[in-house]
Amino acid sequence: MGLADALRARIERDGPLRLDDWMAACNAHYYATRDPLGADFTTAPEISQMFGELVGAWVADLWDRAGRVPFRLIELGPGRGTLMADALRVLGRAGVKPEVALVETSPVLRAAQAERVQGAAWFDTLDAVPDDLPMMLIANEFFDALPVRQVAEREVAVAVEGQGFAAATIAADIVRSGEFSLASEVIVARIAARLHITGGAALIIDYGHDGGATDTLQAVRDGQRVSPFTDPGEADLTAHVDFAALANAAGSVRVSGPVPQGVWLTRLGIEARAAALKARASTPQAAAIEAALVRLTAPQQMGALFRVMALTSHGWPEPAGFAA
Ligand code: SAH
């Protein structure tokens, strides 16, 4: 039975399906059955090696100032493994060889990651990763894929309509309103709990806002916006990340930012990195490097919508890129 038939049977049996359950079911199928990067959407590490390299430099700097302790580098939702490969290359040059743990549920993307990252261990959830070492955790465009709920007076759900599906509402069983992602808040709370146990830092990069949104859900298929309620599991469902809610879920660990991605990358030296790459590139390559720099940092492109937030445990130094 296909996903649409399974969801139809479930809704006919149990009534309209809450939006977060719909989104979780659709995205699990979507990511399990394809590598969407470059087809439905692209991400910063796929745009340029500079992105993963600067993340690697950020990790190396923090590790150095934290006293050069052995640590585990964890990535949530590593996509094709490009960011991790670029970061590990920079870390290796600095003489840093962390344990690498990749948290990924999609078998297709695990295979893509294995082609680019040697010696990693894979896990289905963060909780399954051992907590015997300090951690540095990276999550780029991970939280936007996690399920959201939308509650006003009533709560958004998905009903069967004719041969397809359509938005409906049900009585809400939670005293909270707006759009929110309990799944994301739980993961941030688990990250913070691990930081208290092992020490370390987490870097969260995503497109988002500072709270108060009511509907940022979107579906993209073949690069086009489509309805989130047609062809379940065939489009990428995302919502903008509520950074205020994530900071709140982090409890008492130090929260740095969020700052705009363009600001953060500039503070970490992306312009110098671009200049160094351009100096040994052909003319067309140099133009491509310049275009990637603009795309990652310009406010009208990814520079302002995307934000960067860090969590650090007590006793760890301030992470780079957050103070003016
Ligand atoms: N970070 C990558 C890919 C972003 S796409 C990049 O920047 O290019 C989202 C990633 O999160 C994919 O690897 C997807 O398979 C993974 N993912 C989505 N939901 C997940 C979940 N619930 N648990 C683990 N991984 C998940």
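Along the sequence shown, residues are numbered consecutively beginning with 1. Numbering of ligands and ligand atoms starts at 1, following listing order.
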Contact partition for L37 relative to ligand 1, non-hydrogen atoms under 4.0 Å: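 It is the side chain that gets close, since no backbone atom is under 4.0 Å.
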
How does P45 reach ligand 1, by side chain, by backbone, by both or by neither, if only non-hydrogen atoms under 4.0 Å count?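 For P45, only side-chain atoms sit under 4.0 Å from ligand 1.
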
side-chain hydrogen bond (donor to acceptor under 3.5 Å, both in side chains) with R295: which residues, sequence neighbours excluded?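 Checked R295 against side-chain hydrogen bond (donor to acceptor under 3.5 Å, both in side chains); zero matches.
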
Residue [X] vicinity, atoms of ligand 1 by number, heavy atom under 4.0 Å:
{"X": "P78", "answer": "2 (C), 13 (O)"}
{"X": "G79", "answer": "2 (C), 3 (C), 13 (O)"}
{"X": "T105", "answer": "20 (C), 21 (C), 23 (N), 24 (C), 25 (N), 26 (C)"}

Examine distances only and state if a side-chain atom of R273 and a backbone atom of F51 form a donor-acceptor pair shorter than 3.5 Å.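 It does not hold such a pair.
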
Exam field: side chain N27 to backbone L237, donor-acceptor pair closer than 3.5 Å: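 Such a contact is found between N27 side chain and L237 backbone.
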
Closest non-hydrogen protein atom to [atom], residue and atom name please, with distance?
{"atom": "atom 6 (C) of ligand 1", "result": "T43 OG1, 3.4 Å"}
{"atom": "atom 22 (N) of ligand 1", "result": "L146 CD2, 3.9 Å"}
{"atom": "atom 13 (O) of ligand 1", "result": "E104 OE1, 2.6 Å"}
{"atom": "atom 7 (O) of ligand 1", "result": "N140 ND2, 2.7 Å"}
{"atom": "atom 4 (C) of ligand 1", "result": "E141 O, 3.3 Å"}
{"atom": "atom 17 (N) of ligand 1", "result": "F142 CE1, 4.1 Å"}

Hey, does the Lys NZ or Arg CZ of R176 hover above the aromatic six-ring of F180, less than 6.0 Å from the centre and inside 45° of the axis?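 Verdict for F180: a cation-pi partner in R176.
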
Does the N or O separation between G77 and ligand 1 drop below 3.5 Å for any pair?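 Yes, there is a polar N/O contact under 3.5 Å.
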
Is it true that, when you exclude [X] itself, more than 12 heavy atoms of the residues, nucleotides or ligands shown sit nearer than 6.0 Å to its [atom1]?
{"X": "R190", "atom1": "CZ", "answer": "no"}
{"X": "E234", "atom1": "CD", "answer": "yes"}
{"X": "E12", "atom1": "CD", "answer": "yes"}

salt_bridge(R221, D236) N-O dist < 4.0 Å: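 Judged by the 4.0 Å cut-off on N to carboxylate O distance, R221 and D236 do not form a salt bridge.
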
State plainly whether the residues D131 and R72 are in salt-bridge range, i.e. N to O under 4.0 Å.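 The answer is no: the pair does not qualify as a salt bridge.
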
Look at ligand 1 and say whether L109 reaches it with a heavy atom at a distance under 4.0 Å.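 Within the 4.0 Å threshold, so yes.
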
Is the shortest distance from a heavy atom of L83 to ligand 1 less than 4.0 Å?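 Contact absent.
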
